[in-house]
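One structure below.
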Amino acid sequence: MKINWTGFSKKTPKERQELVSSLLSQDKQVFLTQNQQLPIQTADQMAEHLLGTFSLPFALAPDFLINGKTYHIPMVTEEPSVVAAASFAAKLIKRSGGFTTTVHNRLMIGQVALYNVPDKKMAEQAILSHKSQLLSQANDAHPSIVKRGGGACDLWLEEKEDFLVTYLSVDTKEAMGANMLNTMLEALVPELEELSGGQSLMAILSNYATESLVTATCRVEVRYLSRDKTEAQQLAQKMELASQLAQVDIYRAATHNKGIFNGIDAVVLATGNDWRAIEAAGHSYANQQGSYRGLSTWTYDLENQQIVGELTLPMPIATKGGSIGLNPTVQVAHELLGNPNAKELAGVIASLGLAQNFAALKALTGTGIQAGHMKLQAKSLLLLAGANEAEVTQLLPKLLKEKHRNQETAQQLLAQLRH
Ligand code: HMG
C-alpha cells in the first residue's frame with residue numbers, strides 16, 4: 001500500500017505507528033502499537049548477568065528510492081537531527097532519481113596465524129597442494145551452509161613478518177557468519193600445523209571484510225541545494241571541497257566517516273546486526289590505501305549540474321542468525337524494510353550512509369551544522385533540564401532565540417517559567 005508521507009515529522013508517535021501499520025503483519029502491528037519490548041526471558045538468553053533491558057528511540061526514515069524500489073528505513077539512535085537529516089536527504093535524492101547500489105561480493109574472510117614455521121616457503125607449498133582437501137574439511141565442519149548453497153570458497157597464504165597466515169573465504173549466505181567461520185578455521189588448525197610444521201597462534205574471522213564490499217551512488221540536481229542558483233552552485237563546489245578535505249586530513253576524515261556511521265549504525269542496530277563488526281570493517285577499509293580517508297566522495301558534475309556522491313565500504317550484514325530471530329523489535333524493522341535479503345540490505349544501508357553524509361556536508365558547507373542540529377538538540381536540553389512535554393513546547397522557541405543554547409540556559413528558562 002502506498003503511504004502519504006507528507007507531514008510525517010509533525011505527527012505524534014501514535015499517528016506514525018498507525019500510518020506504518022499497513023507495512024506490517026498483524027502480530028508486528030500489535031507489537032509496535034503497544035510499544036512492546038524485548039521480553040526479559042529472551043534478553044536473559046542473549047547476554048550474561050542480566051539486570052533488565054535498555055531502550056533507545058526506534059524511528060523511521062521513510063521513502064528512500066534505491067535501485068528504483070522504495071524503502072522505509074528503521075533507525076535506532078539517541079542523537080537528535082540524525083533521522084531528520086536522513087529523511088531530508090532521502091527527499092532530495094529521490095527527486096533527483098534515487099540511489100543506485102552495487103554489491104561487489106558477499107564473502108567473509110577468516111585467518112589462521114601460524115608461527116614457529118621452520119620453512120615458510122615449503123609450508124606454503126605444502127598447504128596449497130592440499131587446498132581442495134582443506135576446503136572440503138572446512139565445509140565438513142559446517143555442512144548446513146553447504147546445503148544452503150554457501151560454504152568455503154578459497155584459501156590462500158601470506159607471509160607477514162614472523163607469521164605465515166592462512167586466509168579462508170566463505171560464502172555465508174544470509175548469516176554474518178562469525179560462528180561459521182570460526183568453526184571452520186578451528187577445524188583446519190591440526191592439518192595446517194602438520195603441513196607447516198608450525199604452531200597456530202589463533203584461528204578467527206577477520207572484520208576487515210574486503211570481500212563484502214558494497215557501493216551506493218547518487219546524483220543530486222544542484223538546483224535542489226538552494227532556491228538561489230548562485231548559492232546552489234557555491235554549495236555544490238563546497239561539498240566537493242569538503243569531500244577532498246576528508247581525503248587529505250585525518251582529523252576531518254574521522255568526523256566525515258562518523259557522520260556516515262550516524263546513519264549506518266542506526267539501521268545496523270535496528271536490524272539486529274553486529275554494529276562493532278560493521279564499524280571495524282568500515283574504519284579499517286577507510287585506511288586501505290595506507291592513510292585514513294573519508295569513505296565517500298562528492299564531485300560536482302558541471303556539465304549536468306549535479307553533485308555526484310559515491311560511498312564504498314564493507315557491509316557484512318545478516319538477515320538471519322545471531323539475535324535477529326530473537327528480538328521482536330528487530331523483526332519489525334526487517335518487515336518495515338520489506339524483508340530484504342543480505343545483499344539488498346547491504347545496498348540500503350550504504351544508501352542511508354551516503355544520504356546522512358550528504359545532509360551533514362550540505363549543512364556544514366551551508367548554514368553550519370548548529371542551525372539544524374541545535375534546533376533539534378534544544379528539545380533534548382529542555383528534557384534533560386526536567387521540562388515536561390507542555391513546558392518543552394512553551395520553552396523551545398525561547399531557547400532557540402538564546403545566544404548560549406546549553407544545559408544551563410535550559411535550566412534557567414525552566415526555572416523562570418515555573419517561578
Ligand atoms: P531544514 O532545512 O531546517 O529543515 O533542515 P526543514 O524544517 O525545512 O525540513 C526539511 C525536511 O527535513 C523535512 O521535510 C523532513 O524531511 C526533514 P518535511 O517533512 O517538513 O516536508 N526534517 C525532519 N524530519 C523529522 N523530524 C524533524 C525534521 N526536521 C526536518 N524534526 C535538518 C533541518 C536537520 C534536516 C538539516 O539542518 C540537516 O540535515 N542538518 C544536518 C544534521 C546532521 O547531520 N546531524 C547529525 C548530527 S551532527 C554529526 O554528528 C555529524 C557531523 O559531524 C558529520 C560531519 O561532520 O560530516 C556533522
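Numbering of ligands and ligand atoms starts at 1, following listing order.
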Exam field: side chain Glu310 to backbone Ala216, donor-acceptor pair closer than 3.5 Å: no
Residue list, side-chain contact (heavy atoms from CB on, under 4.5 Å) with Leu337, at least two apart or on another chain: Ile73, Pro74, Thr271, Pro340, Leu345, Val348
Set of residues that line ligand 1, where lining means a heavy atom lies under 4.0 Å from it: Ser9, Lys10, Glu79, Ser81, Val82, Ala84, Ala85, Ser87, Phe88, Lys91, Arg252, Thr255, His256, Lys258, Gly259, Asn262, Ala359, Ala360, Ala363, Leu364, Ile369, Gly372, His373, Lys375, Leu376
SB check Asp63 Lys94 (cutoff 4.0 Å): yes
Pairs involving residues 153-163, ordered by first then second residue, that meet salt bridge (Lys or Arg N to Asp or Glu O under 4.0 Å) (sequence neighbours left out): Lys121-Glu159, Lys131-Asp154, Glu158-Lys160
For a quick test of your reading: what N or O donor-acceptor pairs under 3.5 Å do the side chains of residues 391-400 make, sequence neighbours left out?
{"unit_1": "Glu391", "atom_1": "OE1", "unit_2": "Asn388", "atom_2": "N", "d": "2.8"}
{"unit_1": "Glu391", "atom_1": "OE1", "unit_2": "Arg418", "atom_2": "NH2", "d": "2.9"}
{"unit_1": "Glu391", "atom_1": "OE2", "unit_2": "Arg418", "atom_2": "NE", "d": "2.9"}
{"unit_1": "Glu391", "atom_1": "OE2", "unit_2": "Arg418", "atom_2": "NH2", "d": "3.4"}
{"unit_1": "Thr393", "atom_1": "OG1", "unit_2": "Glu389", "atom_2": "O", "d": "2.9"}

Donor-acceptor pair, side chain of Arg405 and main chain of Ala410, under 3.5 angstrom: no
